[in-house]
Amino acid sequence: MMAEDKPKPSEITARTAARIAAVQALYQMDMAGTDLNDVIAEFLNERLSGDNRDEMLAGADRVFFADILRAVVRRQREIDPMIDEQLAVGWRLVRVDSILRAILRGGVAELVDRYDVPARVAISEYVNVARVFFDEEEPRVVNGVLDKLARRLRTSEFEKKPVTPSQGGA
């Protein structure tokens with residue numbers, strides 16, 4: 001994907017902005033060891049509002065942002081092994097780029113914790129989030145990992161609907 005293909009701030013919905021912010025916050029927590037409540041407060045008070053706000057994150061759904069972070073932290077012991085199982089042989093989540101790791105954790109957290117978000121929407125959203133940070137391979141990795149997990153975690157959303165024969169007879 002070329003730089004000009006990346007979404008413009010005006011094209012980003014409130015929930016997409018919340019997901020991007022959540023990935024940035026998860027990255028910060030991972031790299032700097034920042035506490036969950038401290039990172040939520042920092043983003044809500046500085047990055048998502050006021051003079052220091054990030055233009056891409058303006059208008060982010062603040063509640064959804066905090067919900068994603070809390071879900072990742074609450075369910076990380078469950079999420080990380082699921083991601084590990086989907087990675088290529090010999091790869092572990094700890095070897096994955098920190099931003100990619102944050103994207104995968106956010107996506108899986110939505111799949112396991114947010115049944116109000118259809119699985120296909122969550123997958124598509126996190127592939128788009130990956131495109132904000134990466135160009136080629138990583139969005140495909142996100143798509144592959146989340147699709148495999150979604151099909152296992154939300155089987156009913158991927159089952160083919162039975163085709164009913166048209167009335168009239170044969």
Side-chain angles (χ1 to χ4, degrees), residues 7 9 11-30 34-44 47-49 54 56-88 91-94 96-134 138-164:
E11 300 170 343
I12 296 175
T13 68
R15 282 205 164 177
T16 301
R19 289 177 176 102
I20 294 167
V23 166
Q24 292 177 350
L26 289 167
Y27 172 82
Q28 181 175 326
M29 291 170 65
D30 196 22
T34 310
D35 175 73
L36 171 66
N37 293 322
D38 291 344
V39 82
I40 289 174
E42 175 190 331
F43 272 73
L44 293 180
R47 308 272 308 269
L48 303 180
S49 61
D54 181 327
M56 185 175 285
L57 305 181
D61 181 328
R62 299 158 67 92
V63 172
F64 192 68
F65 158 77
D67 285 350
I68 293 168
L69 291 180
R70 288 186 183 107
V72 170
V73 169
R74 184 177 62 252
R75 300 188 83 160
Q76 191 166 348
R77 288 186 176 162
E78 175 185 353
I79 290 169
D80 285 0
M82 282 192 259
I83 297 169
D84 263 341
E85 291 172 10
Q86 302 309 314
L87 296 174
W91 277 89
R92 305 265 312 167
L93 187 58
V94 295
V96 171
D97 176 89
S98 299
I99 295 172
L100 182 57
R101 186 167 50 239
I103 294 167
L104 291 170
R105 284 174 173 159
V108 176
E110 279 197 49
L111 291 173
V112 299
D113 209 63
R114 297 296 305 235
Y115 283 88
D116 60 314
V117 178
R120 286 182 174 93
V121 171
I123 294 165
S124 177
E125 281 287 312
Y126 281 94
V127 168
N128 289 333
V129 168
R131 288 185 179 127
V132 169
F133 296 100
F134 301 103
E138 291 85 352
R140 287 194 291 265
V141 170
V142 170
N143 186 60
V145 169
L146 295 183
D147 183 68
K148 285 179 188 173
L149 287 173
R151 288 174 186 281
R152 189 176 89 206
L153 295 167
R154 303 223 195 147
T155 308
S156 64
E157 290 184 48
F158 292 90
E159 292 174 347
K160 290 185 179 181
K161 305 289 183 216
V163 177
T164 56

Worksheet item: Could you walk me through whether Phe65 and Leu69 pass the side-chain contact (heavy atoms from CB on, under 4.5 Å) check?
Response: CA-CA 7 Å; Phe65 158 77; Leu69 291 180; 3.4 Å; yes
Practice prompt. For Ile68 and Gly106, work out which heavy atoms get closest and say how close.
Written response: CG2-CA, 4.3 Å
Worksheet, complete the sentence: Shortest non-hydrogen pair, Leu57 vs Ala17, comes out as CD2-O, 3.7 Å
Worksheet, complete the sentence: The salt bridge (charged side-chain N to carboxylate O under 4.0 Å, His left out) partner of Glu110 among Arg154, Arg120, Arg19, Arg75 is Arg19
Practice prompt. Working to the nearest 0.5 Å, report the span between OG of Ser124 and CG of Asp147.
Written response: 11.5 Å
Worksheet item: Atom CG in Asp61, atom OG1 in Thr13: separation rounded to 0.5 Å?
Response: 9.0 Å
Item to complete: Would you mind reporting whether Ile103 and Glu138 have side-chain heavy atoms less than 4.5 Å apart?
Response: no
Fill in: Flag side-chain contact, heavy atom, 4.5 Å: Val117 against Arg15
yes
Practice prompt. Could you check if a side-chain atom of Arg62 sits within less than 4.5 angstrom of a side-chain atom of Phe43, using non-hydrogen atoms only?
Written response: no
Worksheet item: Are any non-hydrogen side-chain atoms of Arg101 and Arg105 less than 4.5 angstrom apart?
Response: yes
Worksheet item: Is any side-chain heavy atom of Phe134 closer than 4.5 Å to a side-chain heavy atom of Ile99?
Response: yes
Discussion item. Donor-acceptor pair, distance only, cut-off 3.5 Å: does the side chain of Glu157 make one with the backbone of Ala119?
Written reply: yes
Worksheet entry | pair Val127-Arg140: side-chain heavy atoms closer than 4.5 Å | no
Worksheet item: Are any non-hydrogen side-chain atoms of Gln24 and Phe133 less than 4.5 angstrom apart?
Response: yes
Practice prompt. Assess the side chains of Arg131 and Asn128: does a donor N or O sit below 3.5 Å from an acceptor N or O?
Written response: yes
Discussion item. Is it the case that over 12 heavy atoms from other parts of the model lie below 6.0 angstrom from the OH atom of Tyr27?
Written reply: no
Practice prompt. Say whether, by atom type as modelled, one donor and one acceptor occur between the side chain of Arg151 and the main chain of Phe158 under 3.5 angstrom.
Written response: no
Worksheet item: Can you tell me how far CD1 of Ile20 sits from CD1 of Ile12, rounded to the nearest 0.5 angstrom?
Response: 4.0 Å
Worksheet item: At their closest point, which heavy atom of Ala109 faces which heavy atom of Ala71, and how far apart are they?
Response: CB-CB, 4.1 Å
Worksheet item: Checking side-chain contact (heavy atoms from CB on, under 4.5 Å) against Leu104, which of Val23, Leu26, Val145, Ile79 comes through?
Response: Val145
Item to complete: For residues Leu146 and Leu111, report the shortest heavy-atom separation together with the two atoms involved.
Response: O-CD1, 3.8 Å
Discussion item. To the closest 0.5 Å, what do you measure between CG (Leu36) and CZ (Arg74)?
Written reply: 10.0 Å
Practice prompt. Could you please spell out the steps behind the side-chain contact (heavy atoms from CB on, under 4.5 Å) verdict for Met82 and Val112?
Written response: CA-CA 11 Å; Met82 282 192 259; Val112 299; 3.7 Å; yes
Fill in: Glu42 and Gln28: CA distance, side-chain angles, deciding distance, side-chain contact (heavy atoms from CB on, under 4.5 Å) verdict
CA-CA 11 Å; Glu42 175 190 331; Gln28 181 175 326; 2.9 Å; yes
